[in-house]
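The residues of the chain are indexed from 1 along the displayed sequence.
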Amino acid sequence: MRGLTKGPPPANVSPPTQEPTSLAELDADYQVSVAAISDARARVKHARTRFNSMHKRHLRDLLFVEQRYLCIYCERQIDEAHPAPHVAHWNPLSLFLQEVFDWNNLHLSCISVDTCDARQDNKALNLPLPVRFQYEDVLGFTSGGRMYVRNDVSVPPQLRQALEVALEDQPGPPVARSTLNLNHPALREARAAVIESEEGEPPAQRQQRIAALLAQARREDFISARLAALNGQLGVGR
């Protein structure tokens with residue numbers, strides 16, 4: 001997870017055969033219509049129906065560019081060549097009905113059964129939106145690919161707990177099941193491999209490599225782990 005800069009909301013989210021409608025216009029109409037529905041289940045169903053009426057391919061095209069073709073959660077590469085990634089709500093649709101069409105709340109997540117959006121399901125992450133928080137400043141990596149919340153960075157207790165639960169199950173009475181499962185063994189193994197590849201970069205060339213990684217329109221996967229390796233930050237604050 002990294003902080004993210006998003007552009008303006010799309011000017012047209014309608015399918016090609018329909019009259020153009022901006023995301024802001026769709027949101028304004030939705031806010032009126034959902035407020036008139038009293039039944040909670042019907043409100044959620046209405047929200048999902050309206051959301052699914054948008055031209056998702058166009059939305060994904062915009063979000064790919066903003067996210068540099070990386071999953072918003074785990075930073076694996078995503079594109080249309082594989083099964084289409086989810087247009088995910090950082091704050092779940094069913095729990096945050098006022099944010100269904102909030103552009104800052106919409107992101108792309110990889111297709112995965114065990115991690116990311118599928119793991120989150122309808123649970124609240126209790127984490128700030130990426131446009132409002134630089135996650136790379138508080139998350140660290142070990143050489144073995146494990147992600148952790150740094151102890152040398154000041155983080156409010158509730159936010160620290162939510163981040164730890166996002167990464168993996170947290171013991172206690174009862175056990176807090178991970179919301180994103182970002183330390184899944186397959187993710188740790190994949191991150192460890194890219195970390196090892198970046199550690200082999202000659203020291204004199206590491207700053208050039210960092211600049212090149214950050215400038216990529218289509219970034220290489222697990223960029224945060226790559227940067228930690230290149231910056232000599234592995235294990236810092238563990």
Side-chain angles (χ1 to χ4, degrees), residues 1-11 23 57-82 84-88 90 103-112 115-117 127-150 152-153 163 166-167 180 182 186-237:
M1 293 190 292
R2 297 181 65 80
L4 182 68
T5 299
K6 289 178 71 72
L23 186 65
R57 175 61 187 267
H58 178 55
L59 277 182
R60 287 197 297 270
D61 287 345
L62 297 174
L63 293 169
F64 277 134
V65 174
E66 288 189 340
Q67 294 176 209
R68 311 287 188 94
Y69 295 84
L70 297 181
C71 171
I72 192 65
Y73 301 119
C74 71
E75 298 184 6
R76 282 178 287 202
Q77 288 187 347
I78 50 176
D79 59 43
E80 290 284 5
H82 300 91
H86 295 150
V87 178
W90 186 274
W103 187 233
N104 289 333
N105 192 39
L106 300 182
H107 305 90
L108 291 182
S109 172
C110 62
I111 301 296
S112 172
T115 69
C116 304
D117 186 55
L127 294 172
L129 297 172
V131 294
R132 298 172 186 159
F133 191 77
Q134 299 298 119
Y135 284 94
E136 61 270 32
D137 292 341
V138 302
L139 295 173
F141 299 88
T142 68
S143 59
R146 180 176 291 278
M147 190 186 303
Y148 59 89
V149 186
R150 291 175 56 165
D152 61 341
V153 177
L163 283 167
L167 301 184
L180 297 174
L182 297 183
L187 286 176
R188 295 203 313 268
E189 183 177 348
R191 284 195 294 256
V194 302
I195 285 170
E196 184 177 4
S197 70
E198 299 296 353
E199 286 185 300
E201 189 77 23
Q205 299 177 19
R206 291 189 177 187
Q207 290 307 310
Q208 293 93 318
R209 171 65 173 157
I210 290 169
L213 282 171
L214 290 172
Q216 289 173 337
R218 185 185 292 265
R219 284 179 170 168
E220 297 179 41
D221 52 5
F222 307 113
I223 185 172
S224 294
R226 293 176 184 275
L227 293 174
L230 290 166
N231 282 313
Q233 294 288 305
L234 295 177
V236 171

Could you go step by step and tell me if D221 and R191 meet the salt bridge (Lys or Arg N to Asp or Glu O under 4.0 Å) rule? CA-CA 9 Å; D221 52 5; R191 284 195 294 256; over 6 Å; no

Would you compute the distance between atom NE2 of H86 and atom CG of L106 and round it to the nearest 0.5 angstrom? 14.5 Å

For D137, check side chain to side chain contact (heavy atoms under 4.5 Å, CB included) against everything at least two apart and list the hits. Q134

Is the count of non-hydrogen atoms from other residues, nucleotides or ligands lying under 6.0 Å from Q208 atom CD greater than 12? yes

Heavy atoms of C71 and C110 approach each other most closely as SG-N, 3.4 Å

Candidate pair F222 and I195, rule side-chain contact (heavy atoms from CB on, under 4.5 Å), full reasoning: CA-CA 9 Å; F222 307 113; I195 285 170; over 6 Å; no

Using the rule given for side-chain contact (heavy atoms from CB on, under 4.5 Å), can you reason through R150 versus V138, listing the C-alpha separation, both sets of side-chain angles and the distance that settles it, and then say yes or no? CA-CA 6 Å; R150 291 175 56 165; V138 302; 5.6 Å; no

Are the side chains of L227 and R2 in contact, using a 4.5 Å heavy-atom criterion? yes

Nearest heavy-atom approach of E198 to A229 is CB-CB, 4.1 Å

Is R218 close enough and on-axis enough to Y69, meaning under 6.0 Å and within 45°, for cation-pi? yes

Search all heavy atoms of L187 against all heavy atoms of L182 and return the closest pair with its distance. CD1-O, 3.6 Å

Heavy-atom pair of closest approach, residues L108 and Q67: N-OE1, 2.7 Å

Interatomic distance, L4 atom CG to R132 atom CZ [nearest 0.5 angstrom]: 12.5 Å

Stepwise side-chain contact (heavy atoms from CB on, under 4.5 Å) test for R226 and S197: CA-CA 8 Å; R226 293 176 184 275; S197 70; 4.0 Å; yes

Okay, side chain of K6, backbone of E66: is any donor-acceptor separation there less than 3.5 Å? no

Flag side-chain contact, heavy atom, 4.5 Å: I72 against M1: no

Check whether any side-chain heavy atom of P8 lies under 4.5 Å from a side-chain heavy atom of W103, and answer yes or no. no

Flag the pair E80 and R57 as a salt bridge only when some basic side-chain nitrogen lies within less than 4.0 angstrom of an acidic carboxylate oxygen. yes

Under 3.5 Å donor-acceptor, Y73 side chain and A166 backbone: no

Test your reading of the model: is there a side-chain donor-acceptor pair from R68 to the backbone of L214, 3.5 Å cut-off? yes

If you compare all heavy atoms of P85 against all heavy atoms of F64, which two are closest, and at what distance to 0.1 Å? CG-CZ, 3.7 Å

Grab the two heavy atoms, one from I223 and one from E75, that are nearest each other, plus how far apart they are. N-OE1, 3.2 Å

Hey, is the main chain of E199 close enough, under 3.5 Å, to the side chain of R206 for a donor-acceptor pair? yes

Look up atom CG in L230 and atom CD in Q207, then write down how far apart they are to the nearest 0.5 Å. 8.5 Å

Tell me, please, which residues at least two apart from Q216 pass side-chain hydrogen bond (donor to acceptor under 3.5 Å, both in side chains). E220

Flag, side chain of Q233 to backbone of G140, donor-acceptor distance under 3.5 Å: no

Do any N or O atoms from the side chain of W90 and from the backbone of L127 form a donor-acceptor pair under 3.5 angstrom? yes

Whether T142 side chain and R146 backbone form a donor-acceptor pair below 3.5 Å: yes

Spacing of L59 atom CG and L63 atom CG [to the nearest 0.5 Å]: 6.0 Å

Would T115 and R76 count as having a side-chain donor-acceptor pair, cut-off 3.5 Å? yes

L139 vs V149 side-chain heavy atoms within contact, under 4.5 Å: yes

Examine distances only and state if a side-chain atom of Q77 and a backbone atom of R219 form a donor-acceptor pair shorter than 3.5 Å. yes

Donor-acceptor pair, Y148 side chain versus G235 backbone, under 3.5 Å? yes

